[in-house]
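The structure under discussion appears below in the form of structure tokens.
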Amino acid sequence: MDQSGVAAQTQKSPWGSVGPAAPACSLTEVMSEQLARQLDEEDQGFPALPHPAADPEEGPDTDSDLMLAQMLQMQFDREFDDQLRREERKLNGDSKVSISFENYRKVHPYEDSDSSEDEVDWQDTRHDPYRAVKPQAAPRRGFSGKGKNITTKHDEDACGRKNTARMDNFAPEVHVGDGLGMDLKLSNQVFNSLKQHCYSEQRRSARLHEKKEHSTAEQAVDPRTRLLMYKMVNSRVLENINGCISTGKESVVFHADGGSLEEQPVPEEVVLKVFKTTLNEFKNRDRYIKDDYRFKERFSKLNPRKVIRLWAEKEMHNLARMKKAGIPCPDVVLLKKHILVMSFIGKEHVPAPKLKDVALGAEEAAEAYRQVLQLMQLLYQDCNLVHADLSEYNMLWYQGKVWLIDVSQSVEPTHPHGLEFLFRDCRNVATFFQKRGVSEALSVYDLFNAVTGLNIPVSADDDARFLAEIVAMEKRNEDHVQKRGKKTFPVTLEDGGPPLDPDSDD
């Protein structure tokens with residue numbers, strides 16, 4: 001025996017004793033039929049194992065067509081529910097009020113064992129003990145029960161529960177509280193009061209929101225006005241808008257750099273007078289325009305935005321008249337709805353000071369008074385206008401001259417209150433220059449007669465009698481105008497006004 005055979009016999013296997021090796025077979029023996037029958041007999045000696053698909057614990061029996069159809073239907077229902085969940089996420093988004101397709105679901109969430117944890121946590125409210133029980137509706141015949149147990153639809157308890165349930169229909173911002181599990185009953189009077197309060201609060205919130213979105217406040221503009229200003233910049237009428245330089249009870253004034261227009265040149269510096277779209281600070285605005293014969297037929301108190309546009313158009317025509325008569329005033333560049341673009345009185349972004357803010361000497365104050373008297377006479381006699389708000393606040397001092405601004409409220413002398421407005425202007429002018437120590441300043445009555453040329457006789461400090469004469473003269477003037485049929489005068493472009501923009505955003 002060789003050494004390799006000895007080593008094989010002495011070496012032990014780590015897996016235990018090794019059995020004798022099977023005798024080697026030749027190819028002829030493998031191909032023999034006797035060996036094949038022997039192997040077949042050995043296989044029949046082992047017990048038969050069941051098929052894995054036939055085990056009911058491993059999976060359902062797919063041999064039945066009914067079972068297969070139910071499995072396919074279940075799979076289809078789960079895919080349908082997944083699609084519903086995706087649609088819910090898409091529609092709800094981040095909204096506080098969400099919708100649910102739970103009633104359209106094919107498979108209940110608790111029955112769907114394949115749902116993942118990141119899905120929506122559905123809540124089964126069908127058997128919720130804290131769910132509010134809706135009151136049963138009254139039958140169609142109007143009552144239920146018989147005899148002494150009859151209950152009509154007007155029963156106090158039934159109506160109280162029904163009113164409590166109807167509170168769920170209030171707006172989401174109205175907190176109705178949590179009355180689940182409580183037998184609450186609201187009387188009709190209480191429910192109607194709550195319903196009316198809810199409706200009033202909704203209208204109030206909507207009104208405040210609309211007022212905030214569609215109103216021009218101090219040093220701020222509404223979205224419509226901001227869009228108009230952007231359009232002016234985009235169309236190269238303005239190069240840029242620098243900021244607010246003045247605010248008043250009727251308008252906000254912005255400084256801007258001029259651009260170019262096809263019809264006329266645009267100054268290097270212009271101002272944008274944006275008329276406020278709310279009438280809170282200037283509630284008697286219609287007094288100056290509804291009785292003006294030039295705009296009487298076009299006045300509509302029901303539409304404030306149209307009134308504002310008419311107000312801007314009125315100032316444009318008044319400035320055109322004044323410029324034609326040679327009165328120092330801003331030049332009108334463009335009128336865009338309730339935005340009036342005018343030339344800037346000042347230099348290098350610094351506006352001209354108001355007459356009340358200028359420290360004038362004795363000679364300059366006297367010269368300013370003479371200019372104001374001449375301007376009032378030109379305004380009344382040549383322009384056929386009354387300023388109606390003339391004071392040291394609406395007169396600028398620039399380059400040694402007095403400039404008149406803010407003529408949107410100016411009216412014609414034929415206005416029913418035109419002479420009263422003129423008397424008020426005379427009072428303001430006389431009081432201001434008398435306080436400045438101008439010796440040649442006339443009294444209120446003499447200044448009124450000097451401007452109008454009426455020469456109304458008046459005794460010393462007889463204010464009431466003078467006003468009575470003015471009111472009587474206005475009445476005669478109004479009757480004369482109505483008899484001649486001059487109730488309205490059509491506004492034309494003969495005043496030399498700039499082109500109007502016919503666009504409307506109503």
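If you read the sequence from its start, that first residue is 1, and numbering goes on from there. Quick note: numbers below take in every heavy atom, side chains included, and nothing from hydrogens, waters or symmetry partners.
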Should we count CD of Glu268 as having more than 12 external heavy atoms under 6.0 Å? no
Does one side chain, of Gln83 or Glu79, offer a donor that lies under 3.5 Å from an acceptor on the other? no
Value rounded to 0.5 Å, distance of CG in Leu390 from CG in Asp425: 5.0 Å
Glu392 side-chain N/O to Lys354 backbone N/O, donor-acceptor pair under 3.5 Å: no
Polar side-chain atom of Asp257 near backbone of Asn240 as donor-acceptor pair, under 3.5 Å: no
Show the numbers, then the answer: is there a side-chain contact (heavy atoms from CB on, under 4.5 Å) between Asn428 and Tyr393? CA-CA 10 Å; Asn428 295 334; Tyr393 294 89; over 6 Å; no
Donor-acceptor pair, Asn318 side chain versus Val407 backbone, under 3.5 Å? yes
Under 3.5 Å, which donor-acceptor pairs link side chains of residues 363-376 to any protein atom two or more places apart or in another chain?
from	atom 1	to	atom 2	distance (Å)
Glu364	OE1	Gly361	N	3.4
Glu367	OE1	Arg370	NH2	3.0
Glu367	OE2	Gln371	NE2	3.3
Tyr369	OH	Leu442	N	2.8
Arg370	NH1	Glu440	OE1	3.4
Arg370	NH1	Glu440	OE2	2.9
Gln371	OE1	Val402	N	2.9
Gln371	NE2	Gly400	O	3.3

What pairs with Arg427 under salt bridge (Lys or Arg N to Asp or Glu O under 4.0 Å), at least two apart in sequence or on another chain? Asp463
Pairs in or reaching into residues 339-367: which pass ring-ring contact (aromatic ring centres under 6.0 Å, His included), with residues at least two apart or in two chains? His255-Phe344, His255-His349
Please lay out, stage by stage, how Lys347 and Tyr398 fare under the test side-chain contact (heavy atoms from CB on, under 4.5 Å). CA-CA 10 Å; Lys347 188 177 182 181; Tyr398 183 62; 4.0 Å; yes
Sequence neighbours left out, what passes ring pair (Phe, Tyr, Trp, His ring centres under 6.0 Å) with Phe432? Give chain and number order. none
Taking Ala388's backbone N and O only, do any of them form a donor-acceptor pair with Arg424's side chain (distance below 3.5 Å, no angle check)? yes
Can you pull the salt bridge (Lys or Arg N to Asp or Glu O under 4.0 Å) pairs that have at least one residue in residues 401-410, sequence neighbours excluded? Lys273-Asp406
Would you please name every residue forming a salt bridge (Lys or Arg N to Asp or Glu O under 4.0 Å) with Asp331, sequence neighbours left out? Lys323
Whether the side chain of Ser410 engages the backbone of Leu385 through a donor-acceptor N/O pair (distance < 3.5 Å, no angle test) should be reported. no
Stepwise side-chain contact (heavy atoms from CB on, under 4.5 Å) test for Gln409 and Trp311: CA-CA 8 Å; Gln409 72 285 333; Trp311 194 262; 3.8 Å; yes
Got a second to check how far Phe421's CZ is from Ile470's CD1, nearest 0.5 Å? 12.5 Å
Parallel, tilted or perpendicular: which one describes the rings of Phe101 and Tyr104, with boundaries at 30° and 60°? perpendicular
Atom pair NZ/CG of Lys314 and Leu319 - distance to nearest 0.5 Å: 12.0 Å
